Amino acid sequence: MTSTIQVRVDEDLKQKSDSLFKALGTDTTSAIRMFLVQAVANNGFPFEIKRPMDNPFAALSEDELMKKLETSRKHAKKGKVKEADEFIEEMRAKYDL
């Protein structure tokens with residue numbers, strides 16, 4: 001026996017997902033079925049869901065932070081740098097600040 005699930009989504013989202021799944025060799029209905037199968041197999045979402053952190057570095061230990069700083073120093077010596085304003089805009093966009 002089979003059941004029907006109906007989902008209402010924005011037309012733009014539907015078109016984009018249809019196009020994506022077609023490029024991946026499947027269709028949206030099959031992709032949703034795959035999602036459900038994987039959710040049951042994983043006993044939860046088949047991917048990580050989490051809220052963005054206010055401070056992306058809050059979870060770093062002191063050693064991890066020091067390693068990141070050392071990497072930054074090496075990049076700076078090689079001239080791999082960005083202007084502060086450019087970096088700040090990227091971080092604001094990335095973390096929705």
Side-chain angles (χ1 to χ4, degrees):
M1 179 176 203
T2 62
S3 294
T4 300
I5 297 174
Q6 292 183 341
V7 179
R8 294 197 184 279
V9 296
D10 179 84
E11 182 62 30
D12 185 52
L13 176 60
K14 181 175 182 332
Q15 288 177 356
K16 287 178 180 176
S17 62
D18 286 344
S19 178
L20 170 66
F21 296 130
K22 183 178 180 181
L24 293 171
T26 191
D27 57 43
T28 302
T29 300
S30 296
I32 292 169
R33 190 176 300 110
M34 287 180 221
F35 167 80
L36 295 173
V37 168
Q38 286 300 304
V40 170
N42 285 284
N43 199 30
F45 286 100
F47 47 80
E48 185 176 4
I49 297 177
K50 59 185 180 181
R51 293 182 298 162
M53 295 172 47
D54 291 334
N55 179 351
F57 300 106
L60 294 180
S61 69
E62 183 177 349
D63 286 340
E64 291 168 324
L65 182 59
M66 295 308 290
K67 286 178 184 175
K68 284 190 176 288
L69 288 172
E70 183 58 32
T71 299
S72 295
R73 287 186 189 108
K74 288 177 183 177
H75 286 172
K77 286 181 182 178
K78 293 178 181 178
K80 296 180 180 179
V81 296
K82 290 184 182 181
E83 293 295 324
D85 291 340
E86 179 185 0
F87 176 77
I88 290 168
E89 283 304 311
E90 286 178 10
M91 291 298 103
R92 284 185 175 150
K94 183 175 181 178
Y95 296 105
D96 197 29
L97 300 174

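Predicted model only: the values in this text are computed from it and were never measured.
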Side chain to side chain contact (heavy atoms under 4.5 Å, CB included) partners for S17, two or more places apart: F21, T28
Pairs touching residues 28-48 that satisfy salt bridge (Lys or Arg N to Asp or Glu O under 4.0 Å), sequence neighbours left out: E48-K50
Side chain to side chain donor-acceptor pair (under 3.5 Å) partners of residues 78-87, not counting sequence neighbours, each pair once: K82-E90
Residues that S30 engages under side chain to side chain donor-acceptor pair (under 3.5 Å), provided they are two or more places apart: D27
Separation between NZ of K74 and CG of L69, rounded to the nearest 0.5 Å: 12.5 Å
Which residues share a side chain to side chain contact (heavy atoms under 4.5 Å, CB included) with E62, sequence neighbours left out: M66
ILVMFWY network linking M91 to L97, side-chain heavy atoms under 4.5 angstrom: yes
Residue list, side chain to side chain donor-acceptor pair (under 3.5 Å) with K14, at least two apart or on another chain: D18
Non-neighbouring partners of K22 that pass side chain to side chain donor-acceptor pair (under 3.5 Å), sequence neighbours left out: none
Verdict with supporting geometry, L60 and K68, side-chain contact (heavy atoms from CB on, under 4.5 Å): CA-CA 10 Å; L60 294 180; K68 284 190 176 288; 3.7 Å; yes
Heavy atoms from other residues, nucleotides or ligands near CG of D10 exceed 12 (cutoff 6.0 Å): yes
Minimum heavy-atom distance T26-M34, with the two atoms named: OG1-CE, 3.6 Å
Partners meeting side chain to side chain contact (heavy atoms under 4.5 Å, CB included) with D63 (sequence neighbours left out): S61
Partner set under side chain to side chain donor-acceptor pair (under 3.5 Å) for D12, not counting sequence neighbours: K16
Non-neighbouring partners of R8 that pass side chain to side chain contact (heavy atoms under 4.5 Å, CB included), sequence neighbours left out: none
R73/E70 salt bridge by N-O under 4.0 Å criterion: yes
Distance, nearest 0.5 Å, that separates CZ of R92 from CZ of F87: 11.5 Å
Other ILVMFWY residues reachable from F45 by side-chain steps of under 4.5 Å: I5, V7, V9, L13, I32, F35, L36, F47, I49
Contacts of E64 that satisfy salt bridge (charged side-chain N to carboxylate O under 4.0 Å, His left out) - sequence neighbours left out: none
